[in-house]
Amino acid sequence: MTSKSGMRQRIVSSNGTTVVTPSDEGRKTDHLLDKHDQYEFGGPGGVVAIMTGFPTLMYYLWICLVFYDGQLVRPDSVDDIQPFLQRMWAHISKDASPNAYAWKVYSGLIAYELLLAWIMPGYMQEGLPVPSLGYKTLMYRCNATFCVYATMITAAVLHISGIFRMTEIIDNFGHLMTVAMIVGFGVSFGMYFLTIATGNQIRMSGNFVYDVFMGACLNPRVGPIDLKMWLEVRIPWVIVFFMSVSGACKQYEQFGYVTPNMAFMCLATWLYLNACAKGEECIPQTWDMFHEKWGFLVIFWNFAGVPFSYIYSVVYMASHDPKKYHFSTPTYVALFTTLLLAYFVWDTSMSQKSRFKMQTQGTLTYRKTFPQLPWGTLKNPSFIQTAHGNRLLTDGWWRYSRKPNYVADWIMSLTWGLVIGTCTPIPYFYSVFFIVVLIHRCGRDFERCAVKYGKDWERYCSIVKYKFIPGIY
Ligand code: NDP
């Protein structure tokens, strides 16, 4: 059933709710945006460099951190290049081999998370109308909260019973990282071929390697599981959190106590994991879900990149004397306060925008998950009605800048490095890499919005002037 209200159209979805779809003009721009028109990431050459460069960089940083006391080593001279590479390879082949134990642990986690996602009850959230599916909406079963708590209980039982000690995660970091990389590559290529075979590809460039990198399918699903959303939460942030727990257990075994720095990482990673789980119903409204395809870019990064390159501080702390990174009490207070404030802005800004979109769609309901922070939902917020049909929020955190969530997220990433002080530069990789990602992602997003909303986007930018930090940039 369809009726016109102003420029937008209201349709009754298959789920029985009324959702809003774009105007005719909006449909034209959506159609344009669903076609490949230009290469991103430097085109085929750029993506080959990324696909080979990142795994290499991850190995290099891990070797420096674990075997060279966190110092960025390099060949002493031109003559030393070959011996240097041989030394690097020796570390990889011995301490990062994809051994049977690592396969068992990593594939066990994947299988368990898939099983939980399949069987656990969850909150049903309707996604945004998908242009390539004729504005059909997809339902998302949001059961990450149950799954995360079930995983935590299972991990506690395995650890206490001695079946699988948490310390084994960090002890097998190199082996697990290689297995994760193989899975990342395997799933990226496998999904590409599967999508082509089933004819579900969208926005293809025609260049094989570029399409593997960007992905072929938009909404990969198995039974009740949306694989893209599942992978975004259930693997990377679960590993990152348990890696921190593993580091804490390791410290406890070695020193008899857990340092405030390690406790900080447990809190920081739990906050991130929990935020993704408790606010999972907000994820279908993010750009990763409604626009980004499921390719190497997302798959590799979630299987291997995030879990094995964001928590170098934990790996360092698990094997180094706590005296090296002990701070004064005021410094600890400043560190924890910065994390919690940044988390507050990140959590509430994401929820303000997502819930605003749900209000617009008529799909907003409230979940009882913990913690629900004040100012997460705006009452009667100001917005711009675009000719496309969508609305752009100009209230709450979104009145101060166009990416308040990116700024807060980046500050959190910086604290994950600051927690180690100046012992080693390697844990700062996350914040350095992340700022590049966010600036690049912001550019891609704004270009897309400029096409999608035209003059309305210009109007929005004249009202919300700053990209990141009000008054500065
Ligand atoms: P956003 O949540 O900013 O989503 C961007 C989209 O939201 C735009 O394309 C537009 O889509 C819509 N939008 C933008 N401004 C407004 C507005 N004022 N009102 C209404 N809609 C608006 O970004 P992402 O989805 O990229 O990121 C989500 C989070 O994930 C961020 O916090 C980011 O930091 C985090 N992230 C973390 C990563 C990590 O590795 N730690 C990696 C990547 C992201 P449209 O109008 O078409 O609906």
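Values below: all heavy atoms of this structure, side chains included; hydrogens, waters and symmetry mates excluded. Position 1 is the first residue of the sequence, and the numbers go up from there. Read the numbers this way: they start at 1 and go in the same order the structure lists the ligands and their atoms.
The six-membered or imidazole ring of Trp398 lies away from that of Phe383, with a centre-to-centre distance of 6.0 Å or more. Aromatic pair Phe336/Phe264: centroids less than 6.0 angstrom apart. Ring pair Tyr460/Tyr453: centre-to-centre distance not below 6.0 Å. Here Tyr312 and Tyr428 keep their ring centres 6.0 angstrom or further from each other. Ring centroids of Tyr400 and Tyr466 are separated by 6.0 Å or more, keeping the two rings apart. A centroid separation of less than 6.0 Å is found between the aromatic rings of Phe433 and Trp301.
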- request: Test side-chain contact (heavy atoms from CB on, under 4.5 Å) on Trp237 and Tyr310 and set out the steps.
  value: CA-CA 10 Å; Trp237 303 110; Tyr310 281 13; 3.8 Å; yes
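In terms of protein heavy-atom proximity, atom 25 (O) of ligand 1 is closest to Trp287 N, 3.2 Å. At the top of the distance list for atom 34 (O) of ligand 1, counting protein heavy atoms only, stands Asp409 OD2, 2.5 Å. The shortest contact between atom 15 (N) of ligand 1 and any protein heavy atom is with Tyr460 OH, 3.9 Å. Looking at atom 43 (C) of ligand 1, its nearest protein heavy atom turns out to be Arg441 CZ, 3.5 Å. For atom 8 (C) of ligand 1, the closest non-hydrogen atom on the protein side is Asp445 OD1, 3.3 Å. In terms of protein heavy-atom proximity, atom 32 (O) of ligand 1 is closest to Trp346 NE1, 2.8 Å. From the protein, the heavy atom lying nearest to atom 27 (O) of ligand 1 is Tyr406 CE1, 3.7 Å. For atom 40 (O) of ligand 1, the closest non-hydrogen atom of the protein is Tyr310 OH, 2.8 Å.
Which parts of ligand 1 touch Lys403 is read off a 4.0 Å heavy-atom cut-off, strictly below it: atoms 1 (P), 3 (O), 5 (C), 23 (O). Close approach of ligand 1 to Tyr430 (heavy-atom distance below 4.0 Å) involves ligand atoms 41 (N). The distance from ligand 1 to the heavy atoms of Tyr272 drops below 4.0 Å at these ligand atoms: 37 (C), 41 (N). Shown in contact with Met350 at under 4.0 Å from a heavy atom are these atoms of ligand 1, numbered in order with element: 28 (C), 29 (C), 31 (C), 32 (O). For ligand 1, the atoms closer than 4.0 angstrom to any heavy atom of Arg391 are 20 (C). In the vicinity of Lys452, heavy-atom distances shorter than 4.0 Å reach the ligand 1 atoms 45 (P), 47 (O).
Put simply, part of Tyr453 is less than 4.0 Å from ligand 1, judged by heavy atoms. In this structure, Phe290 counts as a contact residue of ligand 1, since one of its heavy atoms falls inside 4.0 Å of the ligand. For Phe446, the closest heavy-atom approach to ligand 1 does not fall below 4.0 Å. For the ligand labelled ligand 1, residue Arg448 lies inside the 4.0 Å heavy-atom shell.
When the options Gln125, Glu281, Gln372, Glu280 are evaluated for a side-chain hydrogen bond (donor to acceptor under 3.5 Å, both in side chains) with Arg367, the one that passes is Glu281.
Dense packing is recorded around CG of Asp37, with more than 12 heavy atoms of other residues, nucleotides or ligands lying under 6.0 Å away.
For the pair Ser244 (side chain) and Val240 (backbone), a donor-acceptor distance under 3.5 Å is present. Between the side chain of Ser23 and the main chain of His388, a donor-acceptor pair closer than 3.5 Å is present.
Under 4.0 angstrom from ligand 1, the non-hydrogen atoms of Trp237 all belong to its side chain. Counting heavy atoms closer than 4.0 Å to ligand 1, residue Ala408 contributes nothing at all.
Ligand 1 has no N or O atom lying under 3.5 Å from any N or O atom of Phe434, backbone or side chain. Considering backbone and side-chain atoms together, Trp301 places no N or O closer than 3.5 Å to any N or O of ligand 1. The shortest N or O to N or O distance between Asn405 and ligand 1 is under 3.5 Å.
With a 6.0 Å cutoff to the six-membered ring centre and a 45° limit on the axis angle, Arg402 counts as a cation-pi contact of Phe446. For the pair Arg355 and Tyr366, the cation does not sit on the ring face, since its NZ or CZ is not both under 6.0 Å from the ring centre and inside 45° of the axis.
Closest to atom 48 (O) of ligand 1 by heavy atom, among Met289, Lys357, Lys353, is Lys357.
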